[in-house]
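Encoded as structure tokens, the structure appears first; notes follow it.
The chain is numbered in sequence order, starting from 1.
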Amino acid sequence: MRTSLKVVDNSGAKRVACIQALKGKKGARLGDTIVCSVKEAQPGGKVKKGEVHYGVVVRAAMPRGRCDGSEVKFDDNAVVLINKHGEPIGTRVFGPVPHELRKKKHVKILSLAEHIA
């Protein structure tokens with residue numbers, strides 16, 4: 001994988017690299033859970049550089065079709081870090097988050113998001 005993703009919560013990480021997508025072999029799409037390694041972190045944050053965490057892809061540059069016929073796609077690839085139980089590590093989520101996360105049982109991330117696309 002080795003895809004570099006932006007972290008859009010206040011857990012302390014800035015950039016992560018995808019190690020493995022937990023569903024399928026083709027890679028991670030919008031709402032998928034991944035295993036990632038922290039490549040860049042803020043000093044004094046909850047996570048440190050080099051740690052391995054789970055994350056949920058909340059923005060992807062690859063277009064994803066919706067059931068009404070429209071497509072959603074974002075400018076960057078972004079992730080929210082979660083713990084083993086699926087709860088977000090940070091307490092805020094920055095930027096737009098698609099409402100498809102509700103189907104993937106990530107309602108907590110939607111409640112923390114400032115804007116739902």
Q: Could you walk me through whether Val58 and Val93 pass the side-chain contact (heavy atoms from CB on, under 4.5 Å) test, one step at a time?
A: CA-CA 10 Å; Val58 293; Val93 175; 5.5 Å; no
Q: For Lys49 and Gln42, run side-chain contact (heavy atoms from CB on, under 4.5 Å): C-alpha distance rounded to whole Å, both residues' side-chain angles, the deciding distance at 0.1 Å, then the answer.
A: CA-CA 9 Å; Lys49 182 181 173 185; Gln42 295 173 339; over 6 Å; no
Q: Show the numbers, then the answer: is there a side-chain contact (heavy atoms from CB on, under 4.5 Å) between Lys6 and Asp76?
A: CA-CA 8 Å; Lys6 185 178 172 186; Asp76 59 347; 3.6 Å; yes
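Residues Lys104 and Gly31 approach most closely at CD-O, 3.8 Å, considering heavy atoms. Pairing each heavy atom of Gly27 with each of Ala21, the nearest pair is C-CB, 3.8 Å. For the pair Val38 and Ala13, the tightest heavy-atom approach, listed with the atom from each and the gap, is CG1-CB, 3.9 Å. Val8 approaches Ala78 most closely through the heavy-atom pair CG1-CB, 3.7 Å. The shortest non-hydrogen separation linking Arg29 to Val57 is O-CB, 3.5 Å.
Here Lys48 contributes atom NZ and His53 contributes atom NE2; the two are 9.0 Å apart, rounded to the nearest 0.5 Å. Note that OG of Ser4 and CD of Glu40 are 8.0 Å apart. Values are rounded to the nearest 0.5 Å. Annotation: the span from Glu51 atom CD to Lys46 atom NZ amounts to 13.0 Å, rounded to 0.5 Å. Note that CZ of Arg64 is 5.0 Å distant from CD of Glu100, once rounded to the nearest 0.5 Å. Taking SG from Cys18 and CG from Asp32, the interatomic distance works out to 10.0 Å, rounded to the nearest 0.5 Å. Note: Asn10 CG to Ile89 CD1 = 11.0 Å, rounded to the nearest 0.5 Å.
Counting non-hydrogen atoms of other residues, nucleotides and ligands closer than 6.0 Å to CZ of Arg66 gives a total above 12. The environment of Asn83 atom CG is dense: over 12 non-hydrogen atoms of other residues, nucleotides or ligands sit within 6.0 angstrom.
No continuous path of ILVMFWY side-chain contacts below 4.5 Å connects Phe94 to Leu101, so the two sit in separate hydrophobic clusters. When the side chains of ILVMFWY residues are joined at heavy-atom separations under 4.5 Å, either directly or via intervening members, Val80 and Met62 end up in two distinct hydrophobic clusters. Linking ILVMFWY side-chain heavy atoms closer than 4.5 Å, directly or via other members, places Val79 and Val35 in two distinct hydrophobic clusters. Residues Val56 and Ile34 do not share a hydrophobic cluster, defined by chaining ILVMFWY side chains whose heavy atoms lie under 4.5 Å apart.
Under the 4.5 Å side-chain criterion, counting only non-hydrogen atoms from C-beta, Leu30 is in contact with Pro98. By the 4.5 Å heavy-atom criterion applied to side chains, Phe74 and Pro96 are counted as neighbours.
The closest donor-acceptor contact from the side chain of Asn77 to the backbone of Leu5 lies at 3.5 Å or more, if one exists at all. Within the 3.5 Å criterion, the main-chain N or O of Leu81 finds a donor-acceptor partner in the side chain of Asp9.
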Give the table of side-chain donor-acceptor pairs shorter than 3.5 Å for residues 105-117, with sequence neighbours excluded, one pair per line with atom names and distance.
| unit_1 | atom_1 | unit_2 | atom_2 | d |
| --- | --- | --- | --- | --- |
| Ser111 | OG | Lys108 | O | 2.7 |
| Glu114 | OE2 | Gly95 | N | 3.1 |

